[in-house]
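Written out below as structure tokens is the structure these notes cover.
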Amino acid sequence: MIALPMSVQIKEVGPRDGLQNEKSFIETTDKIAFIDRLSETGLDYIEVTSFVHPKWIPQLADAVEVLKAIKRQKDITYAALVPNRKGLERALETGVDEVSVFMSASEGHNKANINKTIDETFPVLKEVVEGALSAGKTVRGYISTVIGCPYDGYVKPTQVVKVAERLFDMGITEISLGDTIGVGVPTQVDSLLAEMLQHFKVNQLAMHFHDTRGTALANVMTSLSHGITKFDSAIGGLGGCPYAKGASGNVATEDLLYLLHGMGIETGISLDKIQQTALLIEQKLGKRLDSKLVAVARGEEH
Ligand code: HMG
Ligand code: MG
């Protein structure tokens with residue numbers, strides 16, 4: 001049996017990664033109520049929204065309004081994605097605690113997602129990182145398509161290391177490694193982390209698994225075996241990237257909690273409250289969420 005950590009931090013990305021991928025625009029008041037409910041579940045980190053171009057992601061065009069209106073709890077970090085200086089200006093109008101910059105390990109997805117080559121992206125992100133740090137914010141970085149890209153195919157771990165080195169050099173404290181299209185399997189996660197951990201410390205890394213092919217929890221187990229203790233997840237298994245064909249939901253927060261709590265790993269989060277919040281957002285979205293533990297909460301599974 002692998003050595004397991006005593007506790008894990010879960011970073012809830014449902015309001016951002018989840019809602020950015022919904023066909024319909026969720027009313028601003030409903031988003032605020034959703035995030036306020038999440039703030040009551042024991043989570044200590046919520047990615048609220050993103051300050052990308054509203055033409056590219058109209059679902060989150062109300063980012064400033066949402067971040068200003070949520071009831072902030074003092075022990076929770078409220079974060080948002082920021083792609084460039086214009087996004088940072090908008091973010092700094094709000095009380096956002098942490099700024100997350102993002103780019104991909106593969107050229108194809110980077111270009112489709114943020115309209116730049118990898119090399120063109122670094123100076124843009126550097127400006128955001130410097131501006132955010134001097135405004136007293138912490139900065140997180142995402143690297144997408146760390147295993148596979150919908151445009152370029154398999155991505156080598158050494159390519160992820162190269163991008164991560166450039167991001168850490170800017171002063172970012174943590175990088176979240178995204179299997180954006182949910183293609184990874186445990187042996188690939190194993191190779192990726194073996195390579196990354198030759199260059200970086202385990203507490204500098206978080207994992208962000210999409211569950212397109214049902215491998216996310218298996219990939220979490222492999223990550224735990226490498227000592228990773230930070231995972232992104234989305235309530236109800238919401239999520240996906242509109243610029244990565246085939247990307248579907250993130251690993252569901254409630255399914256991840258069930259796994260971790262069942263193995264005796266603490267998170268500080270109430271599974272029951274997360275399930276109840278998932279049922280609430282399911283009503284607002286008008287569609288069935290497909291996580292296992294939402295089905296249990298509906299009474300369909302025992
Ligand atoms: P661009 O069109 O190349 O931008 O978009 P630009 O710099 O050429 O500017 C064009 C115009 O847009 C200018 O206006 C700017 O002011 C304006 P004009 O002078 O023509 O009037 N503009 C903006 N307005 C508001 N907010 C802004 C902003 N930026 C420029 N931030 C950009 C480049 C990055 C903005 C665009 O490509 C974009 O918004 N992309 C969105 C990508 C996105 O949100 N994808 C999903 C999130 S990433 C993800 O899901 C993966 C992740 O979950 C991890 C994983 O799963 O792997 C994080
Ligand atoms: Mg994602």
Side-chain angles (χ1 to χ4, degrees), residues 11-22 47-64 79-94 96 98-106 108-118 120-125 127-128 131-132 140-151 155 160 163-164 167 172 174-184 189 192 205-212 216 219 231-235 237-253:
K11 303 199 170 189
E12 172 60 48
V13 297
R16 192 281 303 171
D17 200 321
L19 300 189
Q20 78 181 11
N21 204 44
E22 289 302 312
E47 193 173 75
V48 173
T49 185
S50 88
F51 293 94
V52 295
H53 198 303
K55 265 198 229 143
W56 287 58
I57 307 278
Q59 297 89 331
L60 302 180
D62 53 2
V64 170
L81 287 196
V82 172
N84 55 16
R85 177 152 50 107
K86 176 82 188 167
L88 183 64
E89 283 165 16
R90 293 170 58 213
L92 293 180
E93 284 175 41
T94 71
V96 72
E98 179 157 282
V99 159
S100 295
V101 295
F102 59 102
M103 64 183 294
S104 313
S106 59
H109 183 255
N110 203 66
K111 187 77 184 166
N113 197 37
I114 54 176
N115 204 22
K116 285 182 184 53
T117 64
I118 288 179
E120 287 164 355
T121 304
F122 291 119
V124 176
L125 299 195
E127 199 181 2
V128 174
R140 183 180 209 227
Y142 276 103
I143 305 178
S144 292
T145 59
V146 294
I147 294 172
C149 170
Y151 306 95
V155 176
V160 185
V163 173
L167 290 176
I172 286 173
E174 174 182 307
I175 287 180
S176 174
L177 301 174
D179 180 13
T180 316
I181 53 170
V183 284
V189 174
L192 172 66
L205 303 177
M207 301 306 287
H208 178 109
F209 292 117
H210 284 260
D211 198 29
T212 316
N219 291 337
F231 293 92
D232 302 345
S233 64
I235 189 162
L238 293 170
C241 174
Y243 299 99
K245 196 167 176 297
S248 65
N250 290 78
V251 64
T253 305

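Just so you know, ligand 1 is whichever comes first in the structure, and atom 1 is the first atom listed for that ligand.
Annotation: S144 places an N or O atom under 3.5 Å from an N or O atom of ligand 1; distance criterion only. Backbone and side-chain nitrogen or oxygen atoms of T180 are examined, and one is located within less than 3.5 angstrom of a nitrogen or oxygen of ligand 1. Between F51 and ligand 1, at least one N/O pair is under 3.5 Å apart. Close N/O approach between Q20 and ligand 1 is found [any backbone or side-chain N/O within under 3.5 Å]. The shortest N or O to N or O distance between N115 and ligand 1 is below 3.5 Å. Backbone and side-chain nitrogen or oxygen atoms of H210 are examined, and one is located within less than 3.5 angstrom of a nitrogen or oxygen of ligand 1.
Of the inter-residue distances, the one linking I143 atom CD1 with S176 atom OG reads 9.0 Å to the nearest 0.5 angstrom. To the nearest 0.5 Å, atom CG of residue N250 and atom CZ of residue F231 are 13.5 Å apart. To the nearest 0.5 angstrom, I57 atom CD1 is 10.0 Å from T49 atom OG1. Atoms NZ and NE2, from K11 and H208 in turn, are 12.5 Å apart once rounded to the nearest 0.5 Å. Taken to the nearest 0.5 Å, the OG1 atom of T121 stands 6.5 Å off from the NZ atom of K116.
Here H210 meets the criterion, with an N, O or S atom under 2.8 Å of the Mg ion (ligand 2).
Side-chain contact between R90 and P54 is present, with at least one heavy-atom pair separated by less than 4.5 Å. A 4.5 Å side-chain heavy-atom check between H210 and D179 finds every atom pair outside the cut-off. Taking the side chain as every heavy atom from C-beta outward, N21 and L238 never approach each other to under 4.5 Å. Under the 4.5 Å side-chain criterion, counting only non-hydrogen atoms from C-beta, I114 is in contact with N110. Between Y151 and S106 there is no side-chain heavy-atom pair separated by less than 4.5 Å. Looking at T145 and P150, their side chains come closer than 4.5 Å, going by heavy atoms from C-beta outward.
Here the closest non-hydrogen pair linking D232 and A206 is OD1-CB, 4.5 Å.
Nearest to atom 22 (N) of ligand 1 by heavy atom, out of K116, H53, E47, is H53. Considering H109, K86, R140 only, the shortest heavy-atom separation from atom 25 (C) of ligand 1 involves K86. For atom 5 (O) of ligand 1, the nearest non-hydrogen atom from the set Y142, F209, W56, Y243 comes from W56. Across V124, N113, I114, heavy-atom proximity to atom 41 (C) of ligand 1 is greatest for N113.
Atom 47 (C) of ligand 1 is approached by the protein to below 4.0 angstrom, counting heavy atoms only. For atom 44 (O) of ligand 1, a protein heavy-atom neighbour is found at a distance under 4.0 Å. By the definition of a contact as any protein heavy atom under 4.0 Å away, atom 19 (O) of ligand 1 is not in contact. The nearest protein heavy atom to atom 57 (O) of ligand 1 is closer than 4.0 Å. Protein heavy atoms come within 4.0 Å of atom 50 (O) of ligand 1. When distances from atom 13 (C) of ligand 1 to the protein are checked, no heavy atom turns up under 4.0 Å.
At a 4.0 Å heavy-atom cut-off, ligand 1 touches R16 through the side chain alone. Only the side chain of I57 comes within 4.0 Å of ligand 1, judged by heavy-atom distances. If you look at K55 next to ligand 1, there are no close heavy atoms at all, none under 4.0 Å. Neither the backbone nor the side chain of V13 has any atom closer than 4.0 Å to an atom of ligand 1 (non-hydrogen atoms only).
Of all the N, O or S atoms in D17, the one closest to the Mg ion (ligand 2) is OD2.
W56 and Y243 have tilted rings, their planes meeting at an angle from 30° to 60° on a 0 to 90° scale.
Of the protein's heavy atoms, R90 NH1, 3.1 Å lies nearest to atom 26 (N) of ligand 1. Given atom 34 (C) of ligand 1, the protein heavy atom at minimum distance is P83 CB, 3.7 Å. Looking from atom 30 (C) of ligand 1 to the surrounding protein, the closest heavy atom is N84 ND2, 3.5 Å.
Geometrically, R16 does not engage F102 in a cation-pi contact, judged by NZ or CZ lying under 6.0 Å from the ring centre and within 45° of the ring axis.
Interface atoms of ligand 1 facing D17, defined by a heavy-atom separation under 4.0 Å, are 53 (O). Applying the 4.0 Å criterion to heavy atoms of F102 picks out, from ligand 1, the atoms 48 (S). With ligand atoms numbered from 1 in the order given, ligand 1 contributes 47 (C) to contacts under 4.0 Å with heavy atoms of L81.
In this structure, the side chain of Q20 engages the main chain of G240 through a donor-acceptor pair within 3.5 Å.
When E98, E47, E174 are each tested for a side-chain hydrogen bond (donor to acceptor under 3.5 Å, both in side chains) with R140, only one passes: E174.
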Inset, instruction - Kindly indicate, with the supporting measurements, whether the criterion side-chain hydrogen bond (donor to acceptor under 3.5 Å, both in side chains) is fulfilled by T253 and S233. - result: CA-CA 5 Å; T253 305; S233 64; 2.9 Å; yes
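Contact annotation: P54 has at least one heavy atom less than 4.0 Å from an atom of ligand 1.
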